[in-house]
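Scroll down for the structure; my scribbles are underneath it.
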Amino acid sequence: MIEETDEYQWHTGKHRPSGAAAAVEFVEVHKAFGRNKILRGLNMEIPEDKISMILGPSGTGKSVCIKHMVGLLYPDSGDVLVHGESVPGMRDEELFEMRKKFGVLFQDGALFGSMNLWDNVAFPLRQHTDKGEDEIGDIVNRRLREVGLEGSADKMPNELSGGMRKRAGFARALVLDPDIVLFDEPDSGLDPVRTALLCELIQEIHEENGGAYVVITHDIMSAKRVAEYIAVLWKGRIVESGPAEELFDSDNQFVNQFLSGASRGPLGME
Ligand SMILES: Nc1ncnc2c1ncn2[C@@H]1O[C@H](COP(=O)(O)OP(=O)(O)O)[C@@H](O)[C@H]1O
Ligand SMILES: [Mg+2]
């Protein structure tokens, strides 16, 4: 049996403030599914107006974190704050309003298979606003142009490549002008070239629109390319977090091993 102190020996918990106000904060969050403890006293800050990355091996609870931010999962204890407001404490109507702050890009783009690309991107506007079709048209065209899909508006999701589906999901995530955009493993299933292009697109669109972007990935190359702020999640807690350049320069052996993708170090197969 591994002692907790051994298990957490790499968790210095070192937290270097980003200098920005927090868009999202996790405060001592615990979450278990049955006996499977996933978050074990998670303290994490997602700064306003930056591209943040939550990095961690598969199965560590990265997607579980995202679901806590939008109130799809609730902590067993601790708190999750969005712009300073406690998500678990929200009533249904408050939760509904709070969710409008978020744009979410799921792993496969999560498009509706029965709608063409244009209608997929228009969907949140028709669902959540009372904008007329002209205004909706302007917004959808602009977002499709931004992600380079203006020529594919009539296509059905199954006629699009994996990379195009992700870009379409990205366009749809942006139509309500979200304050916070969540990307759950946007690079999954993409080859390195398409991953690089998607990273560039994320950066460009962030520069244009601002907001807090939260990119979840286990891909270090993506992190090197776009992260301004990094939180390394492992065993339910943050090992270290801070501005990207400082994390890439960390003297923590675990962070160092993980960010260099090395096979030797404290992080072994488990
Ligand atoms: N709704 C759920 N019910 C039970 N177990 C879950 C649920 N969601 C996630 N888990 C478990 O939590 C762990 C972390 O999952 P996840 O957050 O998806 O990992 P990742 O870091 O790869 O995104 C996994 O062991 C997964 O099986
Ligand atoms: Mg996941």
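For the numbers below, each heavy atom of this structure counts, side chains included, while hydrogens, waters and symmetry mates do not. One-based numbering, in listed order, for ligands and for the atoms of each. Position 1 is the first residue of the sequence; numbering continues from there.
- Residues Glu146 and Arg143 approach most closely at OE1-NH1, 2.7 Å, considering heavy atoms.
- Exactly one of Asp184, Ile54, Asp187 qualifies for a side chain to side chain contact (heavy atoms under 4.5 Å, CB included) with Thr217. That residue is Asp187.
- Protein N/O/S atoms found under 2.8 Å from the Mg ion (ligand 2): Ser63 OG.
- Every atom of ligand 1 is numbered from 1 in the order shown, and the set under 4.0 Å from a heavy atom of Ile38 is 12 (O), 13 (C).
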May I have the list of side-chain donor-acceptor pairs in residues 113-122 shorter than 3.5 Å, sequence neighbours left out?
unit_1: Asn116; atom_1: OD1; unit_2: Trp118; atom_2: N; d: 3.2
unit_1: Asn116; atom_1: OD1; unit_2: Asp119; atom_2: N; d: 2.8
unit_1: Trp118; atom_1: NE1; unit_2: Asn141; atom_2: OD1; d: 3.2
unit_1: Asp119; atom_1: OD1; unit_2: Arg126; atom_2: NH1; d: 3.0
unit_1: Asn120; atom_1: OD1; unit_2: Phe112; atom_2: N; d: 2.7
unit_1: Asn120; atom_1: OD1; unit_2: Arg172; atom_2: NH1; d: 3.3
unit_1: Asn120; atom_1: ND2; unit_2: Phe112; atom_2: O; d: 3.1
unit_1: Asn120; atom_1: ND2; unit_2: Met115; atom_2: O; d: 3.0
unit_1: Asn120; atom_1: ND2; unit_2: Asn116; atom_2: O; d: 3.2

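- Without hydrogens or angle criteria, Arg165 side chain to Leu160 main chain gives a donor-acceptor distance under 3.5 Å.
- Residue nearest to atom 9 (C) of ligand 1, selected from Thr217, Leu73, Val64, Leu72: Val64 (by heavy-atom distance).
- For Asp76, the salt bridge (charged side-chain N to carboxylate O under 4.0 Å, His left out) partners two or more places apart in sequence, or in a different chain, are Lys31.
- Among all non-hydrogen protein atoms, the one lying nearest atom 3 (N) of ligand 1 is Phe33 CD2, 3.4 Å.
- Checking side-chain atoms of His206 against main-chain N and O of Gly211 turns up a donor-acceptor pair under 3.5 Å.
- Remark: ligand 1 atoms within the under-4.0 Å shell around heavy atoms of Ser58 are 22 (O).
- Between Met69 and the options Leu81, Val104, Leu182, Val87, a side chain to side chain contact (heavy atoms under 4.5 Å, CB included) holds for only Leu182.
- Less than 4.0 angstrom separates atom 26 (C) of ligand 1 from none of the non-hydrogen atoms of the protein.
- Ligand 1 has no atom lying under 4.0 Å from any heavy atom of Gly56.
- In summary, the side chains of His83 and Lys101 do present a donor paired with an acceptor at a separation below 3.5 Å, with no hydrogens or angles considered.
- Protein heavy atom closest to atom 18 (O) of ligand 1, with residue, atom name and distance, is Ser63 CB, 3.6 Å.
- Between the side chain of Arg167 and the main chain of Val147, a donor-acceptor pair closer than 3.5 Å is present.
- The residue among Pro57, Gly59, Gly236 with a heavy atom at the shortest distance from atom 14 (C) of ligand 1 is Gly59.
- The stretch residues 242-256 participates, sequence neighbours left out, in these salt bridge (charged side-chain N to carboxylate O under 4.0 Å, His left out) pairs: Lys14-Asp251, Arg16-Glu246.
- Compare Lys37, Lys62, Lys31, His68 by their heavy atoms: the one nearest to atom 21 (O) of ligand 1 is in Lys62.
- Near Asn36, with a cut-off below 4.0 Å to any heavy atom, the atoms of ligand 1 are 25 (O).
- The local environment of CZ in Arg225 is crowded, with over 12 non-hydrogen atoms from other residues, nucleotides or ligands closer than 6.0 Å.
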